[in-house]
Amino acid sequence: MQYMLLIYTAPDAEPVYGTPEFQAMMQGFSDFNDRANADGVLRAGEALQGIETATSLRRRDDRVETMDGPFAETREHLGGYYILDVPDLDEALRYAAMLPVAAFGTIEVRPLMSYNPANG
Amino acid sequence: MVAAAPPALAITRALARVMRQDRGRLMAALIARLGDFQLAEDALQDAAASALIHWQRAGLPAHPRAWLIKVAGRKALDRLRTESRSASREAALAELASLDQQEEAADIPDDRLRLIFTCCHPALEEKSRIALTLRTVCGLHTDEIARAFLDTAATMGQRLSRAKNKIRAARIPFTVPGPDDWSDRLQTVLTTLYLIFTAGYTSDPAETRDLCREAIYLTRMLLSLCPDQAEVEGALALMLLTDARRLARTGPDGGTVPPAEQDRALWDDAQLQEGRLLLHTALLRRRAGPFQIKAAISACQMERPQPDWPQIVQLYTALLLQEPTPVVRLNHAVALAETGQLRSALSIIAAIEAELDGFQPFHAAAAAICARAGKPAEARAAWLAAIAASDREADRIFLRRQMARLPPNPD
């Protein structure tokens, strides 16, 4: 079963670039990638650029509205994701707990619907 | 026709007994095979309806549980054939077809431990864990659960159906956790069972199903499925020690009576004895956990001629290391005040005030501590806040009684 791990962090809680803490976080991601790859469960994963680069769009009454920034004003923002293929939720949660961001952000774990347009 | 009535009644009773006593076991075996809570529930219901007819005609089968499982399997097959609902349907069909070929077994495997851990999975909301456990393992009806938690039957039904859907859609596994997760997951299960117990302890005595009994039944079941677990023994001891005082907790005026002032002739001695013995066994294992500490505190509160407050202070200090919550700090402050350490008690009260504002036990404890520390004005204000925050008449009577003991206002 495929699960998406959505990685949410508050910008002020993240380690600052160039500090040893930042180094440790990057090492944590690298270890995670190695582990998930070796276990054969990693299907995809990317980090997103900051919310200052985001544009939100919606169509209302045939009019397209675009807005600067993310749609929802929340303290924690989506910063990246992984897609893992594991047998059940317990396994997915076990991997989520290994992500370095789990220590200061939140990982939302959601099963994918068994429908992928890219395979169609 | 008159002669046929008693056996028919006996069969109805026998079926009701199996469905009541073995509900958890039957549901567990079905869920293990079908991988679907709702389908298992529906199929078992169909099998019970079928049993009522067949058993009255052919008599009680030699192995009623095995009979029910086999028929429920067929009923599930029928349901799956008529509704084409999921991708896992084919697999379930094949599994059920092969099952139907097998010789009738004398008994069914015991999968109840897997069932309890799945119902109390941390990925489900706390209230859903409680509701699902009561529904699936104890067989309470949705409206009975709804009443216990002051919800409408419709809201509770939606909650149960959301929980069952999440188990299926997010694929929460039907397993007992491994050694890495065991202790955390066991605490989640025990907390769920204890919440069922406390809901029963504060509910209307006229309720049809006594949730204290259900919680004790579930915890006994858990202990029989994983024996020698100190925390399970501790949780059962805590429930037995608390439940033993049930008749004594309300006085002649209808007000709550604290353990220290209760009429001990009203305590259930056999239950106290069992609780103390279990606690003793648990503590000998030297793996102290929050439930054992709380059971030990409960036992100390029943010491005579008065509660062993110095020991209770120590136990709360130990509990704080494991559960540093405002409520535990509040109870620690109460115990400190009882040993005369009023200054420490007052400083804890001040530190947790913001977090516990509006919580009845906080205001009641603050009042008692202020009264003892010679601050009658503060005590009076806190008692009034406690009375305003109470939702039970028994507590209001107790609080008014406490407030009346204050020395009269000097002005």
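Order of the sequence lines fixes the chain letters, A, B, ..., with proteins taken first and strands second; residue numbering starts at 1 for each chain. Values below: every heavy atom of this structure, side chains too, minus hydrogens, waters and symmetry copies.
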Any chance you could measure H121(B), atom NE2, to L89(A), atom CG, to the nearest 0.5 Å?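 With rounding to 0.5 Å, NE2 (H121(B)) is 5.5 Å from CG (L89(A)).
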
Can you tell which part of D181(B) gets under 4.5 Å to a heavy atom of chain A, answering side chain, backbone, both or neither?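 D181(B) touches chain A through side-chain heavy atoms alone.
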
By a 4.5 Å heavy-atom criterion (distance strictly below it), what part of A170(B) contacts chain A: side chain, backbone, both, or neither?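 Backbone plus side chain of A170(B), per the 4.5 Å heavy-atom cut-off to chain A.
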
When you look at [atom1] of [X], are more than 12 heavy atoms from neighbouring residues, nucleotides or ligands closer to it than 6.0 Å?
X: Q49(A); atom1: CD; value: no
X: E323(B); atom1: CD; value: yes
X: D62(A); atom1: CG; value: no
X: Q23(A); atom1: CD; value: no

Could you tell me which portion of R110(A) (side chain, backbone, both or neither) has an atom closer than 4.5 angstrom to a non-hydrogen atom of chain B?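 Looking at R110(A), nothing touches chain B.
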
Toward chain B, the part of L112(A) with a non-hydrogen atom under 4.5 Å: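 Interface part for L112(A): neither.
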
Shortest non-hydrogen contact from R171(B) to D88(A)?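 Minimum heavy-atom separation between R171(B) and D88(A): O-CB, 3.3 Å.
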
